[in-house]
Amino acid sequence: MKTMILMASILCLSMSFAACSDDNSPVITDKNLNETTTFFSSTEPNNYTTYYKPYVGYVGDPMPFFDPVSKEFRILYLQDDRDGNSTIYHPIHELATTDVANYISFREAIPCGTAVEDDPAIGTGSTVYDEATKTYYTFYTGHKATEPREVILLATSKDCKTWTKDRSFRLSAPIEAGYDKNEFRDPYVFYDATAQCYRMLVSALKNGDGYIIEFTSTNLHDWDLKPEPFFNNIWGRFYECPDVFQMGSYWYMVYSSQGTKNEPAVVQYFYAQTLEELKGIAVENGQFPTFVPHEGWLDGVSFYAGKTAGDDTNRYLWGWCPTREGQKTTGTKNWAGALVAHRLIQNGDGTLSLDVPQAISAKYSQSVTLTEKTKVGDVTVSTSSYTLKANSFVRFARLRNRNKITMTATIPEENEAVFGLSFVDCSDKAEKARIFIEDKYNFLKLKKVEVNEKTGEWNDAGAITERAITPAADNVYHIEVYTEESVCIVYINGRYAFTNRIYDLAKNPWAIFCTEGEVTVSDIKLSTY
């Protein structure tokens with residue numbers, strides 16, 4: 001079988017471009033390739049479109065905002081070139097989108113400074129538009145090797161494309177208040193209409209503890225430190241990339257927890273009915289607020305530096321999905337990767353859920369025939385569904401480079417099940433990358449496991465990533481999966497998002513499986529673009 005795959009690959013490479021797919025890789029509908037279920041080594045492309053990655057480099061911390069002039073979402077981000085330069089790195093690049101599914105790149109917006117300036121390396125910031133002066137203000141972090149290592153800097157623009165650094169502006173850590181002069185970054189600026197002033201939140205450190213401190217201004221140039229911090233972190237974590245906004249009748253703070261030795265780095269949130277109540281809301285006996293489920297996680301550990309922006313209709317959360325060392329699913333996470341966007345859903349109780357942006361769902365519009373390849377274990381087939389019991393799976397034909405998979409999974413009322421989707425599910429490799437939906441244990445998990453092709457039995461090597469969920473009250477799971485090359489995002493019941501990096505997912509078979517209990521999977525649909 002491996003010989004057949006090699007011959008098919010050579011055949012495609014020897015043919016004209018017209019005979020290959022639009023991404024210049026072997027045609028997955030090639031008869032010899034598509035009829036096999038053996039492993040195909042996928043090659044990562046230079047760029048992504050839906051989950052944007054530039055042709056050169058990777059997307060670091062996004063800084064989105066809605067431009068009231070152009071009526072577009074603008075996403076400034078830290079460009080990670082991975083060129084080995086340890087002094088000058090992470091210039092700010094800029095994108096624009098109207099639908100969160102397609103991006104226009106304006107390339108470099110704010111360049112790095114020289115080695116002797118405050119910003120040879122650049123860190124996260126934020127942008128606001130001042131209607132009175134018709135000027136865009138981007139506040140960002142300047143980082144250098146000498147002390148003070150971090151300061152807040154400013155660049156302005158009249159058209160939101162050409163930016164000029166304002167070297168007259170420089171905000172350093174308030175050391176007189178005890179804050180560390182070297183850990184002072186990620187300014188987030190927003191206008192408070194009630195107080196009629198701008199507020200700037202900055203991630204800071206004091207006596208080894210993480211804080212988010214607050215400044216106020218009426219002119220965007222002169223900033224006064226508020227005597228009390230906006231957020232006093234009592235858990236020994238450093239909170240990065242703060243983002244505060246009002247949505248409906250609630251105020252929210254989204255932030256990225258840098259994690260600790262025993263805790264992962266994740267994107268989380270707090271909320272309250274007023275801005276004042278939001279401040280310090282977490283400080284209660286050292287426990288996370290019980291009214292925010294699952295400690296406010298907004299995704300898993302393969303989604304970071306999430307920040308939001310909204311128009312009159314929707315608010316979205318942008319973050320990056322990291323690449324991994326050696327292009328291995330189990331490899332160590334790198335800093336930066338591909339840009340991922342979720343749509344924020346506000347529930348009746350004020351909590352937040354995540355769903356797919358509507359334009360991304362609509363983009364995957366080309367239907368693909370679902371072709372069954374293998375059934376193993378106790379599987380019952382009806383017209384449009386499969387009922388699977390423990391240690392069973394159903395394998396389907398190869399995926400495309402970009403895939404949308406939808407299905408409904410139903411568990412018997414008296415049952416608790418563990419089931420999911422398996423990727424790189426090849427008949428000649430015991431290792432599979434499985435997304436586990438653990439209705440029984442209240443988790444979503446990505447695991448790389450070994451599966452017996454004859455019995456369906458499997459060996460658990462532990463989770464690569466995971467996040468907690470609340471099981472479906474009606475035992476029904478509506479599942480949507482969106483992939484582009486190795487980026488894979490699973491949405492559950494329009495409530496949970498689970499982003500992961502799964503290498504070799506493209507052009508390899510996939511499967512549905514059950515490891516505990518029983519599940520009926522129906523209405524499976526596959527599409528691409």
Side-chain angles (χ1 to χ4, degrees), residues 44 46-65 73-97 103 105-113 119-127 138-144 149-150 152-153 155 163 183 185-188 203 238-243 254-259 264-267 298-309 316-325 331-342 484 486-487 499-501:
E44 277 288 292
N46 289 323
N47 64 314
Y48 284 41
T49 56
T50 303
Y51 302 113
Y52 178 83
K53 174 202 168 301
Y55 192 85
V56 176
Y58 301 87
V59 174
D61 299 359
M63 298 161 266
F65 73 101
F73 289 101
R74 302 291 184 124
I75 297 92
L76 281 68
Y77 71 89
L78 303 183
Q79 168 77 7
D80 186 23
D81 289 323
R82 298 187 187 172
D83 56 2
N85 195 322
S86 60
T87 301
I88 299 173
Y89 56 92
H90 294 166
I92 293 177
H93 283 213
E94 184 175 353
L95 306 171
T97 181
Y103 295 91
S105 173
F106 299 123
R107 300 182 182 274
E108 187 176 82
I110 303 174
C112 295
D119 56 354
I122 291 179
T124 308
S126 63
T127 302
T138 291
F139 296 88
Y140 65 95
T141 306
H143 181 93
K144 62 182 185 300
R149 287 199 299 267
E150 292 179 336
I152 308 304
L153 302 175
W163 296 85
E183 301 286 347
R185 59 182 179 269
D186 303 353
Y188 179 74
S203 298
F238 191 87
Y239 284 178
E240 303 180 294
C241 308
D243 176 13
V254 171
Y255 58 92
S256 292
S257 174
Q258 199 178 58
V266 293
V267 179
L298 284 169
D299 199 320
V301 300
S302 283
F303 178 89
Y304 197 67
K307 298 186 77 170
T308 76
Y316 301 95
L317 173 71
W318 281 269
W320 47 263
C321 174
T323 56
R324 288 183 176 267
E325 285 293 329
T332 302
K333 289 188 296 183
N334 299 124
W335 191 92
L339 183 67
V340 171
H342 304 305
E484 183 174 15
S486 58
V487 171
T499 300
N500 281 286
R501 180 75 67 169

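Nothing fancy with the numbering, it's 1 onward along the sequence. Every value quoted in this text rests on a predicted model; they were computed, and no experiment measured them. Only heavy atoms go into these numbers, but all of them, side chains included; no hydrogens, no water, no symmetry mates.
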[atom2] on [Y] to [atom1] on [X], rounded to 0.5 Å:
| X | Y | atom1 | atom2 | result |
| --- | --- | --- | --- | --- |
| D83 | I88 | CG | CD1 | 10.0 Å |
| I110 | H90 | CD1 | NE2 | 15.0 Å |
| C321 | N500 | SG | CG | 7.0 Å |
| I122 | L78 | CD1 | CG | 7.5 Å |
| Y255 | E240 | OH | CD | 12.5 Å |
| N46 | K53 | CG | NZ | 6.0 Å |

Please find the pair of heavy atoms, one from [X] and one from [Y], that lie closest to each other, and give the distance.
| X | Y | value |
| --- | --- | --- |
| Y48 | E484 | CE2-O, 3.1 Å |
| G300 | V266 | O-CG1, 4.4 Å |
| R324 | S302 | NH2-OG, 3.3 Å |
| C112 | P91 | SG-N, 3.4 Å |
| I75 | P62 | CG2-CB, 3.9 Å |
| Y58 | P54 | N-CG, 4.0 Å |

Does the side chain of [X] reach to within under 4.5 Å of the side chain of [Y], using non-hydrogen atoms?
| X | Y | value |
| --- | --- | --- |
| T323 | E44 | no |
| Y89 | H143 | yes |
| T127 | W163 | yes |
| V267 | D299 | no |
| N334 | R82 | yes |
| D61 | W320 | yes |

Can you confirm whether the side chains of [X] and [Y] place a donor and an acceptor under 3.5 Å from each other?
| X | Y | answer |
| --- | --- | --- |
| R501 | S486 | yes |
| Y304 | T499 | no |
| D119 | Y140 | yes |
| T138 | R74 | no |

Original post:
More than 12 heavy atoms of other residues, nucleotides or ligands under 6.0 Å from CZ of R107: is that the case?
Top reply: no
Counting only N and O atoms by type, is there a donor-acceptor contact under 3.5 Å from the side chain of [X] to the main-chain atoms of [Y]?
| X | Y | answer |
| --- | --- | --- |
| K307 | W318 | no |
| E94 | A109 | no |
| S203 | Y239 | yes |
| D80 | G60 | no |
| E150 | T141 | no |
| S256 | A305 | yes |
| Q79 | V56 | yes |

Original post:
Which class fits the ring pair F73 and Y316: parallel under 30°, tilted 30 to 60°, perpendicular over 60°?
Top reply: perpendicular
Original post:
Which one of V59, V487, L339 satisfies the side chain to side chain contact (heavy atoms under 4.5 Å, CB included) criterion with Y51?
Top reply: V487
Subject >> Verdict with supporting geometry, L76 and F65, side-chain contact (heavy atoms from CB on, under 4.5 Å) >> reply: CA-CA 8 Å; L76 281 68; F65 73 101; 3.9 Å; yes
